[in-house]
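Working notes, beginning with the structure itself.
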Amino acid sequence: MNNEINPWGSTDIQDYSKLFQDFGISPFEDLIPTVPKPNKYIRRNIIFGHRGYGKIIEAIQNNEPFAVMSGFMPSGHVHLGHKMVMDQIIWHQKMGGDAFVGIADREAYSVRGSSWEMCKEIGINEYILSLIALGFKPDGHIYFQSESDKIMNLAFELGVKVNFSEMGSIYGFSGNTNISHTISALCQSADILNPQVEDNSGPKPTVIPVGADQDPHIRLTRGLANKMNLFRIEKRADKSNIPYYSVRGKSAPNEALLAIKQRFDNNAQLFEGHVDIYEFDDYEKIAQVVREVELKYGGYAFMPPVSTYHRFMTGLQGGKMSSSSPESYIALTDNPKDAAKKIMRSKTGGRISSTEQRELGGVPENCSIFEIMLFHLVEDDKELKRIHQECKNGELLCGHCKKYAAEIMNQFLTSHQIERENAKSLLEEYGISYKN
Ligand code: SF4
């Protein structure tokens, strides 16, 4: 079943390790030591999985071009779950990536029935202001899907490479799914591939930081990226079991195949529809040459998008965060004092009495206060470790701990909301014209 995880369904994933077996997501843990200046989501294993993130690490290490892209559906309040994605976009931007943000208003219109006007208002007043307030530099790379002809045109081209039954198997769409919902999914794929065509900058590794529920978009788009390309590279073996690479021209003109053959000179042989390359065991170099030739002959030469997957925060009351239950989450636009009160009312991993807690210690693994400090409030790892230890050994009691978290949240939201006000004056400079 491909549709067990669904971008418009439940985010209550019980067993993240199953995603490795069921969907081919790779564990992130092994990569952590190789990430330069890892952010807290990486250091703390909140990012648990990836597809192809090695390419981004290489680009950061070698100061080569790469991009980061994510989208936000403009519905409901911007909250700490969105902040996690925003922080990751901003971190990649600081590490040298071109950063793109799409406001998925076509998705909100087709899936949630939101009006265009509401999408615009929420997109700017909730999401864009918080993004800028957190440190995102738009650089012209923030847009509404409905206002971008480029996205729509690319989505239309992508649509030729996928049919309804494939969309059904990836997303669980049925005969009742409205057509615009299907189109909006193609727009997400266009969003994801757009950094590789924007400004004719060409193919580059592009990471999409998402929750695991968004993986269907990544799987669809990785498949589409390959289908759109003029060539496919296969590793094969001859009759003597000696390996070689075969570059198969799917819809490439013969001259393009000839151009590839010429780049590998005596190592390559041209056949009808393919070029075989012998005694040249460097896949990356072959892929690079194939991309260069493809671009010359009018193809996109897309690199498959890279993804990272983060764990979800639980609701403040335990269970899931839900937009229909404001007590379960903290919005970045919440009154700071109200947010602090929500923290004081949150579920903890404490014992039934302070005596018992001193004896047995608390359970930070089951505590929404500890989780909110882990994900957002405590930047310093040593400080977090101290809280964890003091909780476990009974030195720290929940009342004191909650007050501490509530105070940091109050301070964070107060300063974030000042930054949001400052961001309003930057909208025009960034070419974002809406005024409320
Ligand atoms: Fe949670 Fe803090 Fe209580 Fe430990 S002491 S269970 S971390 S609120």
Side-chain angles (χ1 to χ4, degrees), residues 11-17 28-29 32 38-48 77 79-85 87-88 211-212 310-323 325-417:
T11 55
D12 188 18
I13 291 169
Q14 304 288 343
D15 182 359
Y16 286 100
S17 64
F28 199 93
E29 208 168 357
I32 297 174
N39 61 53
K40 65 175 179 293
Y41 303 111
I42 292 175
R43 295 195 310 271
R44 297 176 183 177
N45 289 317
I46 293 167
I47 293 174
F48 67 90
H77 292 295
H79 55 61
L80 290 178
H82 300 116
K83 175 180 173 286
M84 191 174 6
V85 177
D87 285 342
Q88 291 177 63
H310 50 254
R311 289 195 279 129
F312 294 107
M313 290 180 71
T314 45
L316 294 175
Q317 307 295 323
K320 284 192 293 177
M321 265 200 218
S322 163
S323 53
S325 167
E327 281 295 304
S328 71
Y329 67 89
I330 288 176
L332 299 181
T333 48
D334 272 350
N335 176 303
K337 289 204 169 66
D338 292 344
K341 283 182 196 154
K342 282 189 193 176
I343 293 220
M344 295 306 290
R345 292 194 290 267
S346 296
K347 173 186 166 286
T348 73
R351 305 288 176 176
I352 47 170
S353 69
S354 50
T355 312
E356 198 173 298
Q357 183 140 345
R358 282 197 187 92
E359 263 174 40
L360 300 174
V363 187
E365 295 77 14
N366 290 339
C367 174
S368 56
I369 302 295
F370 186 76
E371 190 182 60
I372 214 164
M373 292 193 281
L374 173 81
F375 277 64
H376 295 286
L377 296 182
V378 177
E379 282 296 321
D380 182 352
D381 291 348
K382 282 192 197 135
E383 168 73 349
L384 194 71
K385 202 168 168 198
R386 180 190 66 76
I387 293 168
H388 189 266
Q389 268 171 355
E390 290 185 3
C391 168
K392 290 288 251 192
N393 66 23
E395 280 174 75
L396 184 61
L397 298 184
C398 294
H400 180 76
C401 191
K402 280 198 220 183
K403 269 192 204 152
Y404 176 69
E407 181 50 33
I408 309 177
M409 179 58 78
N410 188 344
Q411 284 170 11
F412 163 70
L413 285 183
T414 302
S415 89
H416 179 67
Q417 289 170 16

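Not measured: the values here are computed from a predicted model. In listed order, ligands and their atoms are each counted from 1.
- When all heavy atoms of Lys40 and Leu374 are compared, the closest pair comes out as CD-O, 4.2 Å.
- Excluding waters, the protein N/O/S atoms found under 2.8 Å from atom 3 (Fe) of ligand 1 are Cys398 SG.
- Under the side chain to side chain donor-acceptor pair (under 3.5 Å) rule, Asn393 has a single partner from Gln389, Glu390, Glu395, which is Glu395.
- Phe312 and His310 have perpendicular rings, their planes meeting at more than 60° on a 0 to 90° scale where under 30° would count as parallel.
- Relative orientation of the Tyr41 and His376 rings is perpendicular, given thresholds of 30° and 60° on the angle between their planes.
- For the pair Ile387/Tyr404, a side-chain contact is recorded, criterion being any heavy-atom separation below 4.5 Å from C-beta on.
- Distance check, rounded to the nearest 0.5 Å: CG of Leu384 to CE of Met373 gives 7.0 Å.
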